[in-house]
Amino acid sequence: VTGEHQIGEPFSLTGQGDLARRIQLSSKFGSRVQAISKITVGLTYYSVREYDQALRFFQSAESIKEWEDAQGKQVVYLLLGSISSKKKDYETAKAYYHKSLDVDPKYARPHIGLGGVYYLLALKPIAASKKDTDLDIALLETAIDHYQRALQAENQPPLADIPTKVHFGLGQCYLYRTYSGRDRTFNAAVKEFNIVIADYGNGANPRVRELAAESHARLGLIVYDSGGDLTLAANEYQTAATLFYDNPERQALYTKRVQNIRARIKTSSP
C-alpha cells in the first residue's frame with residue numbers, strides 16, 4: 001500500500017456561493033475528512049502489523065454514508081483487500097479488490113493485490129501435500145496475468161512503485177513455476193528479483209527496501225537449492241537480514257539461515 005492515494009477527484013470552489021452550495025461543499029469536505037482520518041489511523045495500525053485494529057478503522061471508513069464510491073472509495077476497498085489477504089481471508093480479499101476495480105478499472109494497485117492472492121492460493125495444494133509438483137498452475141497463471149495487467153494499467157501513482165512490485169510478484173511466480181517442474185531453470189525468477197534489487201538502488205529508493213530484502217533472500221534460496229556457491233547464498237541471506245532491521249521476525253529467520261549455511265560450509269571444509 002506504499003505510495004500516493006487520491007481520495008476522490010478535485011472539486012472547484014466558485015466564490016462563497018449561496019447557502020445550498022456551502023452546505024453541499026461542507027458535506028463533500030466532511031466525508032473526505034472523516035475518511036482520511038479513519039484511513040490514517042488504520043494505516044498506523046497496519047504499519048505495526050496490528051491488522052485487526054487496522055481492519056476496524058478501514059471498515060469504519062467504508063461505512064461513511066456521505067462518502068460515495070466516485071469520491072475515491074477505491075482506496076479503502078484496496079486497503080480492505082490488503083488487510084483481508086494479511087488475515088488469509090482470500091475470498092474476501094478478492095471481493096474487495098474487485099470492488100476497487102469496479103470504481104476505477106484503470107487502477108493498478110488492485111491487480112497487484114489480486115496477483116498476490118492468486119499466488120498464495122496456487123501454493124495451497126503444496127502446503128497440504130508438501131510436493132512442489134502439486135502447484136495449481138492455473139491459479140499461478142491467473143496471478144501472472146494480474147501482475148501484467150498492473151504493469152499495463154493507466155492509473156499508477158508516481159510513488160507507488162508499481163513496476164517494482166510487479167517484478168517481485170512475477171519473480172515469486174516464476175520461482176514456483178520452476179520448483180513445480182514447469183520451467184527448466186530459475187533464470188526468469190533471478191531476472192525479476194535482480195530488477196527489484198536494482199530499483200532499490202542500495203537505499204536510493206527506501207520505499208522498496210523490504211521487497212529488495214526478500215529478493216536477496218530468494219536469490220540466496222535459489223543459489224542454495226541449485227547447488228551453487230554456499231558463501232554466495234549466505235551473503236544473500238545476510239543482506240536480507242540486514243535490510244530487515246525493523247522486522248525482528250524476518251531478520252531472525254534469515255539470520256538463522258545464514259548461521260546454518262555457514263555451519264555447513266565449516267563442516268564441509270577440508
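- Salt-bridge check for Glu62 with Lys38: failed, with every basic side-chain N at 4.0 Å or more from each acidic carboxylate O.
- Contact between Ala93 and Ser85 at its shortest, heavy atoms only, is CB-N, 3.7 Å.
- Between the CZ atom in Arg109 and the CG atom in Asn155 there is a gap of 8.5 Å [rounded to 0.5 Å].
- Of the possible polar contacts, none joining the Ser100 side chain to the Tyr96 backbone as a donor-acceptor pair under 3.5 Å is found.
- Residues Ala61 and Val76 share a closest heavy-atom pair of CB-CG2, 3.9 Å.
- The 12-atom threshold is not exceeded at CZ of Arg184, counting heavy atoms of other residues, nucleotides or ligands nearer than 6.0 Å.
- Without hydrogens or angle criteria, Thr178 side chain to Thr185 main chain gives a donor-acceptor distance under 3.5 Å.
- For the pair Ala240 and Tyr254, the tightest heavy-atom approach, listed with the atom from each and the gap, is CB-CD1, 3.9 Å.
- Between Asn247 and Arg49, some side-chain heavy-atom pair lies under the 4.5 Å cut-off.
- Rounding to the nearest 0.5 angstrom, the gap separating the CD1 atom in Ile126 from the OH atom in Tyr176 is 6.0 Å.
- Not a single donor-acceptor pair under 3.5 Å links the side chain of Tyr118 to the backbone N or O of Ala138.
- Looking at heavy atoms from C-beta onward, Lys124 lies out of side-chain contact with Asp136 at the 4.5 angstrom threshold.
- Using bins of under 30°, 30° to 60° and over 60° for the plane-to-plane angle, the ring pair Tyr179/Phe186 lands in the perpendicular bin.
- Aromatic pair Tyr51/Tyr46: ring centres closer than 6.0 Å.
- How far CD1 of Ile83 is from CG of Leu55: 6.5 Å, rounded to the nearest 0.5 Å.
- In this structure, the side chains of Tyr174 and Ile144 come closer than 4.5 Å at one or more pairs of heavy atoms.
- You'll find the ring centres of Phe168 and Phe193 inside the 6.0 Å limit.
- A donor-acceptor pair under 3.5 Å links the side-chain atoms of Lys165 to the main chain of Ala160, judged by distance alone.
- Considering all non-hydrogen atoms of both residues, Ala122 and Leu135 come closest at O-CD1, 3.5 Å.
- Arg56 and Gln53 share a donor-acceptor pair across their side chains, judged by distance under 3.5 Å alone.
- Remark: side-chain polar atoms of Tyr97 are paired, donor with acceptor, to backbone N or O of Ser82 under 3.5 angstrom.
- Side-chain atoms of Arg264 do not come within 3.5 Å of backbone N or O of Asn260 as any donor-acceptor pair.
- Put simply, the side chain of Glu236 never gets that close to the backbone of Ala217: no donor and acceptor are under 3.5 Å apart.
- Residues Leu243 and Tyr200 are in side-chain contact: their nearest non-hydrogen atoms beyond the backbone lie under 4.5 Å apart.
- Contact between Leu140 and Cys173 at its shortest, heavy atoms only, is CD2-O, 3.5 Å.
- Summarising the geometry, atom CG belonging to Leu211 is positioned 9.5 Å from atom CG belonging to Asp199; distances are rounded to the nearest 0.5 Å.
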For the pair Arg209 and Tyr245, evaluate side chain to side chain donor-acceptor pair (under 3.5 Å) and give the outcome as yes or no after the intermediate values.
CA-CA 10 Å; Arg209 172 174 54 85; Tyr245 56 80; 3.3 Å; yes
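- For Asn202, the CG atom is loosely surrounded, since the number of other residues' heavy atoms within 6.0 Å does not exceed 12.
- Although no hydrogens or angles enter the test, the distance criterion places a donor-acceptor pair under 3.5 Å between the side chain of Lys130 and the main chain of Ala127.
- Distance CD/Gln156 to CG/Asp161: 10.5 Å, rounded to 0.5 Å.
- Using a cutoff of 4.0 Å between basic side-chain nitrogens and carboxylate oxygens, Arg149 and Asp145 are scored as salt-bridged.
- Here the NE2 atom belonging to His146 is positioned 12.5 Å from the CD atom belonging to Glu141, to the nearest 0.5 angstrom.
- At least one donor-acceptor pair under 3.5 Å links the side chain of Thr242 to the backbone N or O of Gln238.
- What you find for Gln251 and Ala241 is that their closest heavy atoms are NE2-O, 2.9 Å.
- Side chain of Arg207 to backbone of Leu159: a donor-acceptor contact under 3.5 angstrom is found.
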